[in-house]
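Chain letters run A, B, ... following the sequence lines, proteins first, then strands; residues in each count from 1.
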Amino acid sequence: MARRFVLQPREPSPADPGLTLDYAADLDSQQHAAATAGDGVTLVVAGAGTGKTRTLVYRVAYLVETGVPPEQIVLLTFTRRAASEMLTRAAGLLDGRCERVRGGTFHAYCLELLRRHSERIGYPQRFGVLDAADAADVVDLARTRLGLDRLPKRFPKKRTLLAMFSAATNRGLELDEVLAEEYPQYAEHLDLIERLRGAYAETKRRTGVMDFDDLLALALELLRENPDVRRQVAGRIRHVLVDEYQDVNLLQADLVEQFQSVHGNAMMVGDDAQSIYRFRGADVGHILEVQKRYNGARVLKLEHNYRSTQPILDLANRVLDEAVEKYDKRLFTDREGGDLPALVAAPDDDMEARFVAQVVLDKREAGTDLNRMAVLFRSGWCSYALEAELNRRKIPFVKFGGLKLTEAAHVKDVVAHLRVAENPADAVAWNRALRLVEGVGPTTAGRLLDWIGAAATGGGPAAAVQMLRQSVDEVVPSASVAASVGRLVEALTPLRDDDMPPEEQVERLLGYYRPVFERVYADDFPKREADLDAVVALAARHRSRTALLESLALDPLDWTQEPAEGARKDEPPLVLSTIHSAKGLEFDTVFLIHALDGVLPSAYALASSDEEDEERRLLYVALTRAETELYASYPLVQYRRGTGQYLTEPSRFLSGLPESLLEPWSLVEEATPPASGDALPEADRPALPRSSGGA
DNA sequence: TGCCGCCTCTTTTTT
DNA sequence: AGAGGCGGCA
């Protein structure tokens, strides 16, 4: 029987002369209590703008100062941006001593673990990582493999299938429970869906790839089924800190439990009012039940808001008040005064864009840096009109969320070729590369894949390329197609050299791919060209092909967009972001655009009051990003193909609020360009100058 | 078999 | 707007 010997905690005295930071002076009393909390499990319930990040950063510094080796601290977050921001801030506090703190997203951290112990779960060391689009392709491969050429009518599409699989995995449910709960219309196909799920899993394993959910699920399996690995991994985690804990799903909550299982030190920070990831299996229940899961966990609160003015908080509090599910949350601030938030009705989205651009320029003129302002929206497409307007006015901006560059077809093409070099068993990558060969369609590609698969399992991955070269003639319809496939193989062969620097691999690959690229994207390849150079640049920043591919799979942070032409050099750009991607950030001025019913709340999220509440929290998150100025705006008309122009309604969460909370503005177009010194039509109603760029 | 053009549909949010 | 499905043609 193993025995547990309990060591008394070694409490550093508050006056410990070894501490270089003055924690008591830099933090308020609640923040101080959290940052300097003793060992064990601590839940910090922190409202919006209460200095959560600051507190975590000081916590890290405190641990390091009190003798915890930085590399034994693990700081987990949900986005790479949050991770890097926090690690950078911590590093800045104790000049470099915090640099070796481990951390990143759950997915990235799990990937690292799996890479190190892949043999324990039956994966090759060089397994690949699938994004959502790749995963959809694997579903197709799995389907073909099951011999299911024809699916029943009214059968879920692959995107829906993946969502079902994901819900089951992330929430620890059986497929039939997910179907009954969320997809009753497909319940009759349970058997077939189940078979597809099995084939999907089998295909991933056979071809050595994992999807995002696998990163979490397999890491958990690795730790649970290999006590020695768990002891080794958790033994090196003296403290685990988790930000945005309200957004963990079951797998992530379980992983945290594993990570702290040796030392028993965990700090979870979160705000149940800001839970916005239910759609991917997050469950506020986990933050609410921390005390149940960890007997004796202490609970601390941060309630003092330092970010926003009172009028902004009043509005945010009001929005939350009307949730069906009540929150015991009222933020208070010392920042008295400040302007009322505005609800701006714009005639159409072009005028809305001009309004935002104009206020942004005015504020920049008045001394607010562009990157202290942000434009937030519900979905990626909401900012299209604004992006055009910002380009016209040469205002530099970066956009977070929405479509990613790594999802662009031509970037995925390049990545697919690299993945084949990395892991010749990777059938999805092969498939993509083969389909780009002129004359190769689904059928030919399928036959070639069978050859490759046989070679990869039989003679090992290295044999695959060799085998393919010999077999091409037998499988391919014509000699010219065989020659084309041969050229692909010739292009890939030198890339298998692992010592070749990644940028050289990409450069060489582009020698093969460029002609293909110009043929496949004949109508618009010049516009796409810059992205290929960006891949080369990204490759130059990575040590190995493996590292490059990981970075590409998990959304590279340092994938820089070039600044708009004519932009001031080095001026930090205006931030455009989905609300989801803006979580945890703060800005002097926030514009919430397209605050429309059907957009926020999304028309797809109105089936239940739970879903509507999540949309409401999303609005709450958006509003509480603002420090001093807040503008919510919406266009009065929208266009939709088919329907044409139609009238809109402002967000149900914002319409009907008293003018003492949210001041209605309307936009009026000035008839003539203003002479200098002219008064505005009304003091607080900015007029729009005539559009300079045309609509 | 593969390619092309025409059709419709559907449109969150992220790792 | 863009993707995916389908039918007809080379």
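In this entry the distance linking CZ of Arg435(A) with P of dG4(C) reads 11 Å, nearest Å. Regarding Leu216(A), its CG atom lies at a distance of 12 Å from the C1' atom of dT14(B), rounded to whole Å. Counting to the nearest Å, the C1' atom of dT13(B) and the NZ atom of Lys399(A) are 13 Å from each other. Per the geometry, OH belonging to Tyr521(A) stands 9 Å off P belonging to dA3(C), to the nearest Å. Atom NZ of Lys157(A) is separated from atom C1' of dC9(B) by 8 Å (rounded to the nearest Å). What separates CD of Gln252(A) from C1' of dT14(B) is a distance of 11 Å, to the nearest Å. dG2(C) atom C1' lies 15 Å from atom CH2 of Trp381(A), rounded to whole Å. For Glu407(A) and dT14(B), the CD to P distance is 9 Å, given to the nearest whole Å.
Checked against ring pair (Phe, Tyr, Trp, His ring centres under 6.0 Å), His594(A) has the following partners two or more places apart in sequence or in another chain: Trp381(A). The side chain to side chain contact (heavy atoms under 4.5 Å, CB included) test applied to Ala539(A) returns Pro502(A), Glu503(A), Val506(A), Leu548(A), not counting sequence neighbours.
Of the candidate nucleotides dT13(B), dT15(B), dT14(B), dT14(B) has the atom nearest to the side chain of Tyr277(A). Out of dT1(B), dT13(B), dT14(B), the shortest distance to the side chain of Ser581(A) is found at dT14(B). Of the listed nucleotides (dT15(B), dT1(B), dT13(B)), dT15(B) has the atom at the smallest distance from the side chain of Leu554(A). Of the candidates dT15(B), dC3(B), dT13(B), the closest approach to any side-chain atom of Thr105(A) belongs to dT15(B). Closest to the Arg447(A) side chain, of the nucleotides dT13(B), dT1(B), dT15(B), is dT1(B). Side-chain proximity of Thr79(A) to the nucleotides dT13(B), dT15(B), dT1(B) is greatest for dT15(B). Nearest to the side chain of Glu438(A), among dT15(B), dC3(B), dT11(B), sits dC3(B). Comparing dT11(B), dT15(B), dT13(B) by their nearest atom to the side chain of His580(A) picks out dT13(B).
At a threshold of 4.0 Å, the pair Asp243(A)-Lys52(A) counts as salt-bridged, since one of the basic side-chain nitrogens sits closer than that to a carboxylate oxygen. Electrostatic pairing of Glu422(A) and Arg419(A) does not count as a salt bridge here, judged by no charged N lying under 4.0 Å from a carboxylate O.
Each of Ala605(A) and Ala445(A) was assigned the nucleotide of DNA chain B with the nearest heavy atom; the assignment lying further toward the 5' end belongs to Ala445(A). Along DNA chain B, the nucleotide nearest to Arg519(A) and the one nearest to Ile276(A) differ in position, and the one closer to the 5' end is contacted by Arg519(A).
Tyr245(A) OH to Gln252(A) CD: the interatomic distance, rounded to the nearest 0.5 Å, is 9.5 Å.
Counting any heavy atom pair closer than 4.0 Å across all strands shown, Phe106(A) reaches no nucleic acid atom. Heavy atoms of Thr578(A) sit under 4.0 angstrom from primed sugar atoms or phosphate atoms, though from no base atom.
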